[in-house]
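Inspection log for the structure reproduced underneath, given as structure tokens.
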Amino acid sequence: MSRLIGLYPGPWRARYAAELRDLLAARPPGLAGRLDLVAGALDAWLHPELVAPGAAEPRPSPRVRLAGLAAIAGGALWLAMAVTLVVVASTGRDADFTVAGWVVLLLLTVAALGATPPGRARVVGAGILVAALLFGVGVVLPWEHKPLLVVPLLLVVFGGLLTITTLRTGLSRPVQVAIVGVGFGLPFPAVIAALAGLLPALASAPIVLLPLLAVYGAAWLFVGGLLLLDGGRRRPGTASSTRPTEVAA
Amino acid sequence: MNQALAELGRFAEPSLYILASLADGPKHGYAIMTDVEAISGQPLGPGTLYGALARMEKRGLIEALEPVDRRRPYRITGLGATTLRHQLEGLAGFTRLGLDRLRGASR
């Protein structure tokens, strides 16, 4: 139950989390109480001025804030691409998203690398490099063989980047799984299958693709916002609580 | 609604109940919650309770005392007591007016 307290911003938790945790232990909330907590967390994010500056936790490091900015920019550009794709497709025209797609990939890669703890950045960077090389091979392959390599790679790369970055948010593991599952695991395979012609009914109604594509961008905006505002600090009792907190000096 | 409470928006009503709860002495979060529920007859969610407490503390209507164990008591301030008194006197006047008119209409 106290995992819901993890939804509150860091300065707020520093001030009120202990007593709220004690209250929830004495009186576990029902569904209405849980929804009230979620609404309270949203309210706390919208009104950071309510908590005295002295209670604030240290600011996130520039590295983590850069990751948050890159995630927000990548998510916003992804959403813009999704809207444009659907609008253009509904008019029966074609559009080239090569440059925008690479910019999104670059921004999300920066977000994932920035969100990775320094000790593991080399491993993640090597994984991204291997994926990029395989992607390059896929691009020059004859068209009939492209989907075999490019589609699984897209799934691995876009899903992996979101997973790596979400792990840094400090949310509880079930919430992290929900973000990646709803943001990527459900819609992405359907979109790729539709674009590859495996789901013609979906591809023939481009507007249906919009919410599927949009949730991926929305997931990045949410994760990026958390990193930017909160620095992905560990939360007591969450899966990521063993990771050292990286904050600015 | 009193200006200090009206500024609290949707937290105005819970805040009024919280001030009334603290009028007879300091209480911690759990005690406030159960007392407010007894006064109002309605459940008070934990998110609403702490949203209201944060706003009231920020505006100087209540103040936090040193924690006892992990429970931090809150105390009504002079400003909070004045605000509560003005609000209750306003409500009492409104109640008298409304009841008088009802009695007049029933004659």
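Numbered from 1 within each chain, the chains take letters A, B, ... in sequence-line order.
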Check your understanding: Using a cut-off of under 4.5 Å for heavy-atom pairs, which of R59(B), R55(B), R71(B) has the most such pairs with chain A?
Key -> R55(B)
Point to revise | Distance (rounded to the nearest 0.5 Å) between F11(B) CZ and D43(A) CG | key: 4.0 Å
Point to revise | Closest non-hydrogen atom pair, Y50(B) against L23(A) | key: CE1-CD2, 3.7 Å
Revision key, fill the gap. One option among A44(A), A26(A), A18(A) has the most heavy-atom pairs under 4.5 Å with chain B, and it is A26(A)
With a cut-off of 3.5 Å and sequence neighbours excluded, list every side-chain donor-acceptor pair involving residues 35-47 of chain B.
from   : atom 1 : to     : atom 2 : distance (Å)
D35(B) : OD2    : S21(B) : OG     : 2.7
E37(B) : OE1    : R27(A) : NH1    : 3.3
E37(B) : OE1    : R27(A) : NH2    : 2.6
E37(B) : OE2    : R27(A) : NH2    : 2.8
E37(B) : OE2    : L44(B) : N      : 2.9
S40(B) : OG     : V36(B) : O      : 2.9
S40(B) : OG     : Q42(B) : N      : 3.2
S40(B) : OG     : Q42(B) : O      : 3.3

Review point. What residue pairs, at least two apart or across chains, pass ring pair (Phe, Tyr, Trp, His ring centres under 6.0 Å) with a residue in residues 61-106 of chain B?
Key: none
Exercise for review: Find the one option among L35(A), D22(A), V38(A) whose heavy-atom pairs under 4.5 Å with chain B are most numerous.
Suggested key: D22(A)
Exercise for review: Would you indicate whether the side-chain heavy atoms of E57(B) and R15(A) approach each other to under 4.5 Å?
Suggested key: yes
